[in-house]
Amino acid sequence: MAPSFPRLRASAAIEVNFDGLVGPTHHYAGLGVGNLASQRHRHEASNPRAAALEGLAKMRLMHDLGIPQGVLPPQERPLLPALRLLGFEGDDATVLAKALRDAPDLLASCASTSCMWAANAATVSPAADSADGRVRVTPANLVSQFHRSLEAPATTSLLRTLFHDTDRFVVHDPLPSAANLADEGAANQMRLAPSHGHRGIEIFVYGRDGDERTGGDRFPGRQTLAASQAVARRHGLDPARTLFLRQSAEALDAGVFHNDVIAVANENVLLVHGQAYEAGPDAIRLIRTCFAAACGEEPVVIEVPATEVPLDVAVDTYLFNSQLVTLPSGGMALVCPIECHEHPRTRRWLDHLIAADNPVVTVYPVAVRQSMKNGGGPACLRLRFVLEPEALAAMHQGVLVSPPLLDALETSVRRHYRERLTLEDLADPSLLVESRQAVAEITHLLGLP
(Lines give C-alpha, C1' and ligand atoms only; values in the text may rest on other atoms or scores of the structure.)
Protein backbone atom coordinates (compact mmCIF):
# COMPACT_ATOMS: atom_id res chain seq x y z
CA MET A 1 0.00 0.00 0.00
CA ALA A 2 1.34 3.43 -0.91
CA PRO A 3 2.07 5.68 2.07
CA SER A 4 -0.22 8.61 2.75
CA PHE A 5 1.40 12.04 2.74
CA PRO A 6 -0.31 14.54 5.04
CA ARG A 7 -0.61 18.04 3.67
CA LEU A 8 0.26 20.77 6.14
CA ARG A 9 -0.98 24.33 6.17
CA ALA A 10 1.33 26.15 3.80
CA SER A 11 0.90 29.49 5.53
CA ALA A 12 1.92 28.17 8.95
CA ALA A 13 5.33 26.63 8.39
CA ILE A 14 8.47 28.74 8.60
CA GLU A 15 12.09 28.07 7.81
CA VAL A 16 14.69 28.37 10.57
CA ASN A 17 18.37 28.69 9.67
CA PHE A 18 20.71 27.08 12.20
CA ASP A 19 24.28 28.35 11.89
CA GLY A 20 27.33 26.59 13.27
CA LEU A 21 29.44 28.83 15.50
CA VAL A 22 33.13 28.72 14.60
CA GLY A 23 35.28 27.04 17.26
CA PRO A 24 38.36 28.39 19.07
CA THR A 25 40.78 26.13 17.15
CA HIS A 26 39.79 27.38 13.68
CA HIS A 27 42.90 26.94 11.53
CA TYR A 28 44.08 26.36 7.97
CA ALA A 29 45.48 22.85 7.56
CA GLY A 30 44.29 22.29 3.99
CA LEU A 31 42.43 19.12 4.94
CA GLY A 32 39.61 19.38 2.39
CA VAL A 33 40.32 17.21 -0.67
CA GLY A 34 38.93 18.90 -3.77
CA ASN A 35 38.39 22.14 -1.84
CA LEU A 36 40.54 24.68 -3.69
CA ALA A 37 40.24 27.44 -1.10
CA SER A 38 41.27 25.05 1.67
CA GLN A 39 44.34 23.99 -0.29
CA ARG A 40 45.22 27.52 -1.32
CA HIS A 41 45.44 28.79 2.27
CA ARG A 42 47.08 25.68 3.74
CA HIS A 43 49.28 26.48 6.77
CA GLU A 44 48.47 30.19 6.80
CA ALA A 45 47.84 31.76 10.21
CA SER A 46 44.12 31.99 11.02
CA ASN A 47 42.08 34.34 13.21
CA PRO A 48 39.53 32.29 15.20
CA ARG A 49 38.11 35.37 16.92
CA ALA A 50 37.41 37.14 13.63
CA ALA A 51 35.94 33.94 12.16
CA ALA A 52 33.44 33.53 14.99
CA LEU A 53 32.50 37.23 15.03
CA GLU A 54 31.92 37.18 11.27
CA GLY A 55 29.56 34.24 11.70
CA LEU A 56 27.68 35.95 14.52
CA ALA A 57 27.36 39.12 12.43
CA LYS A 58 25.74 37.07 9.67
CA MET A 59 23.32 35.54 12.19
CA ARG A 60 22.46 39.03 13.43
CA LEU A 61 21.70 40.15 9.87
CA MET A 62 19.35 37.21 9.37
CA HIS A 63 17.59 37.94 12.66
CA ASP A 64 17.26 41.62 11.77
CA LEU A 65 15.71 40.63 8.43
CA GLY A 66 13.00 38.80 10.37
CA ILE A 67 14.23 35.33 9.43
CA PRO A 68 14.20 32.87 12.36
CA GLN A 69 17.77 32.02 13.28
CA GLY A 70 19.38 29.44 15.53
CA VAL A 71 22.96 28.76 16.55
CA LEU A 72 24.76 25.43 16.99
CA PRO A 73 27.70 25.35 19.44
CA PRO A 74 31.21 24.29 18.43
CA GLN A 75 32.47 20.87 19.42
CA GLU A 76 35.37 20.41 21.80
CA ARG A 77 38.71 20.47 19.98
CA PRO A 78 41.45 19.27 19.99
CA LEU A 79 39.69 15.94 20.40
CA LEU A 80 42.03 14.12 22.77
CA PRO A 81 40.14 10.79 22.81
CA ALA A 82 40.62 10.53 19.04
CA LEU A 83 44.35 11.18 19.34
CA ARG A 84 44.62 8.52 22.04
CA LEU A 85 42.79 6.04 19.82
CA LEU A 86 45.46 6.77 17.22
CA GLY A 87 48.18 5.64 19.63
CA PHE A 88 49.37 8.84 21.28
CA GLU A 89 49.81 8.21 25.00
CA GLY A 90 50.47 10.30 28.10
CA ASP A 91 48.84 13.28 29.71
CA ASP A 92 47.09 15.87 27.56
CA ALA A 93 50.21 18.00 26.99
CA THR A 94 52.29 14.95 26.06
CA VAL A 95 49.66 13.65 23.64
CA LEU A 96 49.51 17.03 21.87
CA ALA A 97 53.31 17.34 21.69
CA LYS A 98 53.74 13.83 20.29
CA ALA A 99 51.03 14.36 17.71
CA LEU A 100 52.61 17.60 16.48
CA ARG A 101 56.03 15.93 16.26
CA ASP A 102 55.04 12.63 14.68
CA ALA A 103 51.79 13.27 12.78
CA PRO A 104 50.91 16.97 12.45
CA ASP A 105 48.15 16.22 9.93
CA LEU A 106 46.42 13.99 12.48
CA LEU A 107 46.70 16.72 15.09
CA ALA A 108 45.20 19.19 12.62
CA SER A 109 42.37 16.77 11.86
CA CYS A 110 41.59 16.22 15.55
CA ALA A 111 41.63 20.01 16.11
CA SER A 112 39.49 20.89 13.09
CA THR A 113 36.48 23.14 13.66
CA SER A 114 34.77 21.91 10.50
CA CYS A 115 31.49 21.34 12.37
CA MET A 116 31.04 25.10 11.88
CA TRP A 117 29.79 24.20 8.38
CA ALA A 118 26.36 23.11 9.55
CA ALA A 119 25.18 22.42 5.98
CA ASN A 120 27.07 19.15 6.36
CA ALA A 121 25.63 18.33 9.78
CA ALA A 122 22.60 16.44 8.50
CA THR A 123 19.97 16.00 5.82
CA VAL A 124 16.55 17.34 6.83
CA SER A 125 13.14 16.54 5.32
CA PRO A 126 10.21 18.63 6.61
CA ALA A 127 7.04 17.10 7.93
CA ALA A 128 5.20 17.99 4.72
CA ASP A 129 7.43 15.65 2.72
CA SER A 130 7.76 12.66 5.04
CA ALA A 131 5.38 9.71 5.06
CA ASP A 132 4.42 10.02 8.73
CA GLY A 133 4.23 13.82 8.99
CA ARG A 134 7.27 14.16 11.25
CA VAL A 135 10.45 16.13 10.56
CA ARG A 136 13.09 13.59 9.57
CA VAL A 137 16.79 14.19 10.22
CA THR A 138 19.77 12.01 9.25
CA PRO A 139 23.11 13.22 10.67
CA ALA A 140 25.83 12.91 8.03
CA ASN A 141 28.53 10.29 8.55
CA LEU A 142 31.06 12.39 6.58
CA VAL A 143 33.29 9.35 6.08
CA SER A 144 34.96 10.71 2.96
CA GLN A 145 37.16 12.99 5.10
CA PHE A 146 38.70 11.78 8.39
CA HIS A 147 38.56 15.15 10.16
CA ARG A 148 34.89 15.51 9.34
CA SER A 149 33.94 11.97 10.32
CA LEU A 150 34.90 12.88 13.90
CA GLU A 151 31.88 15.22 14.07
CA ALA A 152 29.09 12.67 13.62
CA PRO A 153 28.66 11.35 17.20
CA ALA A 154 28.51 14.79 18.82
CA THR A 155 26.30 16.15 16.04
CA THR A 156 23.84 13.29 16.49
CA SER A 157 23.72 13.85 20.25
CA LEU A 158 23.20 17.60 19.78
CA LEU A 159 20.39 17.20 17.25
CA ARG A 160 18.61 14.72 19.52
CA THR A 161 18.85 17.22 22.36
CA LEU A 162 17.47 20.06 20.24
CA PHE A 163 14.70 18.03 18.61
CA HIS A 164 13.79 15.71 21.45
CA ASP A 165 10.01 15.52 20.87
CA THR A 166 9.65 12.17 19.11
CA ASP A 167 6.03 12.93 18.22
CA ARG A 168 7.28 15.64 15.88
CA PHE A 169 10.91 14.77 15.09
CA VAL A 170 12.91 11.69 14.17
CA VAL A 171 16.70 12.02 14.44
CA HIS A 172 18.12 8.88 12.87
CA ASP A 173 21.56 7.42 13.43
CA PRO A 174 24.11 8.34 10.76
CA LEU A 175 24.40 5.86 7.91
CA PRO A 176 26.96 3.06 8.44
CA SER A 177 30.55 4.24 8.04
CA ALA A 178 31.21 2.57 4.69
CA ALA A 179 32.91 4.16 1.69
CA ASN A 180 29.97 3.35 -0.58
CA LEU A 181 27.60 5.09 1.88
CA ALA A 182 29.49 8.38 2.17
CA ASP A 183 26.96 11.01 3.20
CA GLU A 184 27.73 14.75 3.23
CA GLY A 185 24.41 16.05 4.53
CA ALA A 186 22.25 18.91 3.29
CA ALA A 187 25.08 20.39 1.21
CA ASN A 188 24.04 17.84 -1.42
CA GLN A 189 20.27 18.12 -1.04
CA MET A 190 17.84 20.76 -2.28
CA ARG A 191 14.12 21.20 -1.79
CA LEU A 192 11.65 22.96 -4.09
CA ALA A 193 8.05 23.66 -3.06
CA PRO A 194 5.35 26.26 -3.78
CA SER A 195 6.00 27.52 -0.25
CA HIS A 196 7.87 26.21 2.77
CA GLY A 197 4.82 24.47 4.22
CA HIS A 198 3.61 22.80 1.01
CA ARG A 199 4.69 19.34 -0.03
CA GLY A 200 7.54 19.72 -2.47
CA ILE A 201 10.19 17.75 -4.27
CA GLU A 202 13.60 16.85 -2.86
CA ILE A 203 16.68 16.74 -5.05
CA PHE A 204 19.70 14.70 -3.98
CA VAL A 205 23.01 15.34 -5.73
CA TYR A 206 25.85 12.83 -5.72
CA GLY A 207 29.42 12.68 -7.01
CA ARG A 208 29.81 8.91 -7.43
CA ASP A 209 27.61 5.82 -7.50
CA GLY A 210 29.05 3.98 -4.51
CA ASP A 211 32.01 1.64 -4.62
CA GLU A 212 33.80 3.53 -7.40
CA ARG A 213 35.96 6.27 -5.94
CA THR A 214 36.12 8.56 -8.93
CA GLY A 215 34.05 11.54 -9.83
CA GLY A 216 36.15 13.88 -11.90
CA ASP A 217 39.59 13.36 -13.41
CA ARG A 218 41.17 15.62 -10.80
CA PHE A 219 39.09 15.17 -7.64
CA PRO A 220 36.90 12.33 -6.35
CA GLY A 221 33.21 12.68 -5.67
CA ARG A 222 32.25 12.71 -1.99
CA GLN A 223 28.50 12.02 -1.78
CA THR A 224 27.40 8.62 -3.08
CA LEU A 225 24.16 7.73 -4.83
CA ALA A 226 23.70 4.81 -2.43
CA ALA A 227 23.83 7.16 0.57
CA SER A 228 21.35 9.59 -0.98
CA GLN A 229 18.93 6.77 -1.78
CA ALA A 230 19.21 5.40 1.76
CA VAL A 231 18.40 8.81 3.28
CA ALA A 232 15.40 9.24 0.99
CA ARG A 233 14.07 5.80 2.02
CA ARG A 234 14.60 6.56 5.72
CA HIS A 235 12.72 9.84 5.43
CA GLY A 236 9.74 8.18 3.76
CA LEU A 237 9.91 10.40 0.68
CA ASP A 238 7.52 9.86 -2.21
CA PRO A 239 9.60 8.44 -5.11
CA ALA A 240 7.56 10.53 -7.55
CA ARG A 241 8.77 13.65 -5.72
CA THR A 242 12.42 12.64 -5.31
CA LEU A 243 15.23 13.16 -7.81
CA PHE A 244 18.83 11.96 -7.87
CA LEU A 245 21.24 13.97 -10.02
CA ARG A 246 24.92 13.35 -10.61
CA GLN A 247 27.44 16.19 -10.43
CA SER A 248 29.32 16.88 -13.63
CA ALA A 249 32.97 15.81 -13.71
CA GLU A 250 33.96 19.29 -14.88
CA ALA A 251 32.27 20.84 -11.84
CA LEU A 252 34.03 18.42 -9.46
CA ASP A 253 37.38 19.14 -11.06
CA ALA A 254 36.75 22.89 -10.80
CA GLY A 255 36.43 22.56 -7.01
CA VAL A 256 32.68 21.94 -6.64
CA PHE A 257 33.06 19.36 -3.87
CA HIS A 258 29.45 19.85 -2.71
CA ASN A 259 26.33 20.76 -4.68
CA ASP A 260 25.87 23.91 -2.58
CA VAL A 261 28.94 25.36 -4.32
CA ILE A 262 27.06 25.28 -7.64
CA ALA A 263 23.31 25.55 -6.86
CA VAL A 264 20.88 26.89 -4.25
CA ALA A 265 17.10 26.49 -3.95
CA ASN A 266 14.40 28.21 -1.89
CA GLU A 267 10.67 27.55 -2.10
CA ASN A 268 9.91 27.54 -5.86
CA VAL A 269 13.20 29.14 -6.99
CA LEU A 270 16.33 27.32 -8.17
CA LEU A 271 19.53 29.23 -8.85
CA VAL A 272 21.96 26.93 -10.66
CA HIS A 273 25.05 27.02 -12.86
CA GLY A 274 24.66 25.61 -16.35
CA GLN A 275 27.51 23.13 -15.85
CA ALA A 276 26.35 21.74 -12.51
CA TYR A 277 25.09 18.30 -13.54
CA GLU A 278 26.26 15.44 -15.71
CA ALA A 279 22.96 15.36 -17.58
CA GLY A 280 23.31 19.04 -18.48
CA PRO A 281 20.10 20.63 -19.81
CA ASP A 282 18.26 17.32 -19.33
CA ALA A 283 18.76 17.65 -15.56
CA ILE A 284 17.06 21.06 -15.54
CA ARG A 285 14.21 19.74 -17.70
CA LEU A 286 13.79 16.83 -15.27
CA ILE A 287 13.55 19.23 -12.32
CA ARG A 288 10.97 21.35 -14.13
CA THR A 289 8.90 18.32 -15.12
CA CYS A 290 8.98 16.73 -11.66
CA PHE A 291 8.05 19.98 -9.91
CA ALA A 292 5.21 20.74 -12.32
CA ALA A 293 3.76 17.24 -11.96
CA ALA A 294 4.07 17.22 -8.16
CA CYS A 295 3.13 20.80 -7.36
CA GLY A 296 0.86 21.84 -10.22
CA GLU A 297 2.90 24.88 -11.25
CA GLU A 298 6.18 25.77 -12.91
CA PRO A 299 9.32 26.42 -10.83
CA VAL A 300 11.39 29.55 -11.30
CA VAL A 301 14.75 28.29 -12.61
CA ILE A 302 17.49 30.90 -12.87
CA GLU A 303 20.26 29.21 -14.84
CA VAL A 304 23.61 30.97 -14.97
CA PRO A 305 25.57 30.19 -18.15
CA ALA A 306 29.32 29.73 -18.14
CA THR A 307 29.61 32.59 -20.62
CA GLU A 308 28.47 34.99 -17.87
CA VAL A 309 30.03 33.33 -14.81
CA PRO A 310 32.68 30.70 -15.65
CA LEU A 311 33.07 27.77 -13.27
CA ASP A 312 36.34 29.05 -11.87
CA VAL A 313 34.77 32.41 -11.02
CA ALA A 314 31.76 30.71 -9.43
CA VAL A 315 34.11 28.68 -7.21
CA ASP A 316 36.44 31.57 -6.38
CA THR A 317 33.56 33.83 -5.30
CA TYR A 318 31.20 31.12 -3.98
CA LEU A 319 28.33 32.84 -5.77
CA PHE A 320 26.08 29.79 -5.41
CA ASN A 321 27.03 29.21 -1.80
CA SER A 322 24.71 32.06 -0.95
CA GLN A 323 21.63 31.83 1.24
CA LEU A 324 18.46 32.33 -0.75
CA VAL A 325 15.80 33.22 1.80
CA THR A 326 12.18 34.37 1.84
CA LEU A 327 11.66 37.81 3.35
CA PRO A 328 8.68 38.37 5.70
CA SER A 329 7.78 41.45 3.64
CA GLY A 330 7.68 39.44 0.42
CA GLY A 331 10.17 38.43 -2.22
CA MET A 332 13.51 36.78 -1.63
CA ALA A 333 16.99 37.95 -0.67
CA LEU A 334 20.33 36.49 -1.71
CA VAL A 335 22.84 36.61 1.15
CA CYS A 336 26.10 36.21 -0.73
CA PRO A 337 29.82 36.33 0.09
CA ILE A 338 31.26 39.83 -0.14
CA GLU A 339 33.70 38.40 -2.69
CA CYS A 340 30.79 38.33 -5.16
CA HIS A 341 30.54 42.13 -4.99
CA GLU A 342 34.30 42.49 -5.36
CA HIS A 343 34.55 40.44 -8.57
CA PRO A 344 33.36 42.36 -11.66
CA ARG A 345 31.72 39.37 -13.37
CA THR A 346 29.66 38.21 -10.40
CA ARG A 347 28.76 41.76 -9.40
CA ARG A 348 27.52 42.43 -12.94
CA TRP A 349 25.48 39.24 -12.85
CA LEU A 350 23.97 40.13 -9.44
CA ASP A 351 22.94 43.53 -10.79
CA HIS A 352 21.24 41.72 -13.67
CA LEU A 353 19.53 39.33 -11.24
CA ILE A 354 17.95 42.15 -9.25
CA ALA A 355 16.85 44.01 -12.37
CA ALA A 356 15.25 40.93 -13.94
CA ASP A 357 11.70 39.67 -13.41
CA ASN A 358 12.11 37.05 -10.67
CA PRO A 359 11.38 36.73 -6.92
CA VAL A 360 14.87 37.87 -5.83
CA VAL A 361 14.47 41.53 -4.85
CA THR A 362 17.69 42.30 -2.97
CA VAL A 363 21.24 41.13 -2.30
CA TYR A 364 23.11 41.31 1.01
CA PRO A 365 26.88 40.79 0.71
CA VAL A 366 28.37 39.45 3.95
CA ALA A 367 31.98 39.12 5.08
CA VAL A 368 32.80 35.60 6.18
CA ARG A 369 36.37 35.73 4.90
CA GLN A 370 37.84 33.45 7.55
CA SER A 371 35.38 30.72 6.56
CA MET A 372 35.84 31.42 2.85
CA LYS A 373 39.59 30.82 3.15
CA ASN A 374 38.76 27.28 4.26
CA GLY A 375 36.19 26.83 1.49
CA GLY A 376 32.92 27.71 3.22
CA GLY A 377 30.59 30.56 2.29
CA PRO A 378 27.39 31.79 3.96
CA ALA A 379 25.35 28.73 2.96
CA CYS A 380 27.98 26.30 4.27
CA LEU A 381 27.49 27.73 7.75
CA ARG A 382 23.78 26.95 8.06
CA LEU A 383 21.36 24.01 8.21
CA ARG A 384 17.74 24.67 7.24
CA PHE A 385 14.65 23.36 9.08
CA VAL A 386 11.10 23.96 7.88
CA LEU A 387 8.96 23.82 11.01
CA GLU A 388 5.29 24.13 11.89
CA PRO A 389 4.62 26.46 14.87
CA GLU A 390 3.95 23.48 17.13
CA ALA A 391 7.24 21.85 16.12
CA LEU A 392 9.11 25.11 16.61
CA ALA A 393 7.65 25.44 20.10
CA ALA A 394 8.57 21.82 20.89
CA MET A 395 12.29 22.16 20.12
CA HIS A 396 14.95 23.41 22.55
CA GLN A 397 14.44 27.19 22.64
CA GLY A 398 17.85 28.20 23.99
CA VAL A 399 19.56 28.04 20.60
CA LEU A 400 17.15 30.51 18.95
CA VAL A 401 18.95 33.82 18.72
CA SER A 402 17.96 37.18 20.11
CA PRO A 403 20.02 40.38 20.34
CA PRO A 404 20.93 39.68 24.01
CA LEU A 405 22.07 36.15 23.16
CA LEU A 406 24.15 37.39 20.22
CA ASP A 407 25.69 40.04 22.48
CA ALA A 408 26.57 37.39 25.07
CA LEU A 409 28.07 35.08 22.45
CA GLU A 410 30.18 37.91 21.04
CA THR A 411 31.43 38.72 24.54
CA SER A 412 32.35 35.07 25.10
CA VAL A 413 34.20 34.89 21.78
CA ARG A 414 36.18 38.03 22.57
CA ARG A 415 37.06 36.61 25.99
CA HIS A 416 38.18 33.13 24.95
CA TYR A 417 39.20 33.12 21.27
CA ARG A 418 42.66 33.94 19.98
CA GLU A 419 43.35 36.44 17.22
CA ARG A 420 46.08 34.34 15.64
CA LEU A 421 46.56 30.58 15.36
CA THR A 422 49.10 28.40 13.55
CA LEU A 423 49.52 24.65 13.23
CA GLU A 424 52.15 24.66 16.00
CA ASP A 425 49.72 26.42 18.34
CA LEU A 426 47.40 23.41 18.21
CA ALA A 427 49.84 21.57 20.52
CA ASP A 428 49.76 24.36 23.11
CA PRO A 429 48.12 22.90 26.27
CA SER A 430 46.77 26.33 27.16
CA LEU A 431 44.80 26.38 23.89
CA LEU A 432 43.12 23.15 24.97
CA VAL A 433 42.11 24.80 28.26
CA GLU A 434 40.88 27.93 26.45
CA SER A 435 38.89 25.84 24.00
CA ARG A 436 37.22 23.81 26.74
CA GLN A 437 36.34 26.96 28.66
CA ALA A 438 34.88 28.57 25.55
CA VAL A 439 32.77 25.55 24.59
CA ALA A 440 31.52 25.18 28.18
CA GLU A 441 30.51 28.83 28.37
CA ILE A 442 28.82 28.84 24.95
CA THR A 443 26.98 25.62 25.77
CA HIS A 444 25.75 27.20 29.01
CA LEU A 445 24.58 30.33 27.18
CA LEU A 446 22.53 28.13 24.86
CA GLY A 447 20.95 26.28 27.78
CA LEU A 448 22.38 22.94 26.69
CA PRO A 449 23.55 20.17 29.02
Side-chain angles (χ1 to χ4, degrees), residues 20 23 29 31-35 38 72 74-88 99 103 105-125 136-163 169-189 204-215 219-237 244 246-247 252 257-260 375-376 380 383:
L31 300 171
V33 177
N35 184 330
S38 173
L72 305 178
Q75 298 180 10
E76 183 180 309
R77 294 294 186 272
L79 193 60
L80 270 294
L83 288 171
R84 289 194 166 92
L85 283 174
L86 293 168
F88 298 103
D105 284 348
L106 288 180
L107 174 61
S109 293
C110 293
S112 172
T113 59
S114 52
C115 70
M116 63 194 260
W117 294 306
N120 299 120
T123 303
V124 181
S125 294
R136 293 271 177 169
V137 185
T138 294
N141 60 28
L142 296 168
V143 295
S144 70
Q145 310 277 297
F146 169 63
H147 67 291
R148 301 229 57 182
S149 69
L150 298 173
E151 303 165 24
T155 298
T156 303
S157 177
L158 172 65
L159 291 173
R160 284 179 174 157
T161 299
L162 299 183
F163 305 104
F169 304 100
V170 181
V171 179
H172 297 274
D173 289 330
L175 295 178
S177 297
N180 65 332
L181 290 172
D183 179 24
E184 299 282 307
N188 285 317
Q189 174 221 32
F204 293 82
V205 181
Y206 63 97
R208 55 190 176 93
D209 290 333
D211 290 330
E212 37 110 8
R213 296 182 177 275
T214 59
F219 298 122
R222 294 193 189 180
Q223 181 81 19
T224 67
L225 173 59
S228 296
Q229 291 171 329
V231 172
R233 284 193 297 270
R234 277 183 163 190
H235 291 193
L237 303 183
F244 301 94
R246 184 165 186 154
Q247 290 179 274
L252 280 166
F257 53 97
H258 290 141
N259 178 67
D260 65 1
C380 282
L383 181 64

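Between Q247 and G207, the shortest heavy-atom distance links the atoms OE1-CA, 3.6 Å. In this structure, V143 and A178 approach most closely via the heavy-atom pair CG2-O, 3.7 Å. For the residue pair L31 and S112, the shortest heavy atom distance occurs at CD1-CB, 4.3 Å. Contact between F244 and Y206 at its shortest, heavy atoms only, is C-CE2, 4.0 Å. Taking all atoms of both residues into account, the shortest heavy-atom contact from A118 to L72 is CB-CD1, 4.0 Å. What you find for P139 and L159 is that their closest heavy atoms are CG-CD1, 4.2 Å.
If you take CG on N188 and OG1 on T123, they are separated by 8.0 Å, rounding to the nearest 0.5 Å. Within the model, atoms CD of E151 and OG1 of T156 stand 10.5 Å from one another, a figure rounded to the nearest 0.5 Å. Going from atom CZ of R246 over to atom CG of L225 covers 8.5 Å, rounded to the nearest 0.5 Å. Taken to the nearest 0.5 Å, the CG atom of D260 stands 7.0 Å off from the CG atom of N120. Between W117 atom CH2 and L142 atom CG the span is 12.0 Å, to the nearest 0.5 Å. Interatomic distance, CZ of F204 versus CG of N259, reported as 11.5 Å (0.5 Å rounding).
Not counting sequence neighbours, R234 has no partner by the salt bridge (charged side-chain N to carboxylate O under 4.0 Å, His left out) test. Taking V124 as the reference, V135, V137, L383, F385 meet the side-chain contact (heavy atoms from CB on, under 4.5 Å) condition, with sequence neighbours excluded. With sequence neighbours excluded, the residues that form a side-chain contact (heavy atoms from CB on, under 4.5 Å) with A103 are F88, L106. For T155, the side-chain hydrogen bond (donor to acceptor under 3.5 Å, both in side chains) partners two or more places apart in sequence, or in a different chain, are Q75. With sequence neighbours excluded, the residues satisfying side-chain hydrogen bond (donor to acceptor under 3.5 Å, both in side chains) with R84 are D92. Residues that satisfy the ring-ring contact (aromatic ring centres under 6.0 Å, His included) test with H258, not counting sequence neighbours, are absent from this structure. For R136, the side-chain hydrogen bond (donor to acceptor under 3.5 Å, both in side chains) test picks out D132, H172, with sequence neighbours left out. Residues that satisfy the side-chain hydrogen bond (donor to acceptor under 3.5 Å, both in side chains) test with D173, not counting sequence neighbours, are R160. The side-chain contact (heavy atoms from CB on, under 4.5 Å) check on A227 picks up L175, D183, Q223, T224, with sequence neighbours excluded. For F146, there are no ring-ring contact (aromatic ring centres under 6.0 Å, His included) partners at least two apart in sequence or on another chain. Applying the side-chain contact (heavy atoms from CB on, under 4.5 Å) test to Q145 and every residue at least two apart in sequence or in another chain returns V33, H147, R148, R222.
Using a distance-only test at 3.5 Å, with no hydrogens or angles considered, a donor-acceptor pair links the side chain of T161 to the main chain of S157. A donor-acceptor contact shorter than 3.5 Å is absent between the side chain of N141 and the backbone of P174.
Taking the side chain as every heavy atom from C-beta outward, T113 and P74 never approach each other to under 4.5 Å. Using a 4.5 Å heavy-atom threshold, the side chains of C110 and L86 count as touching.
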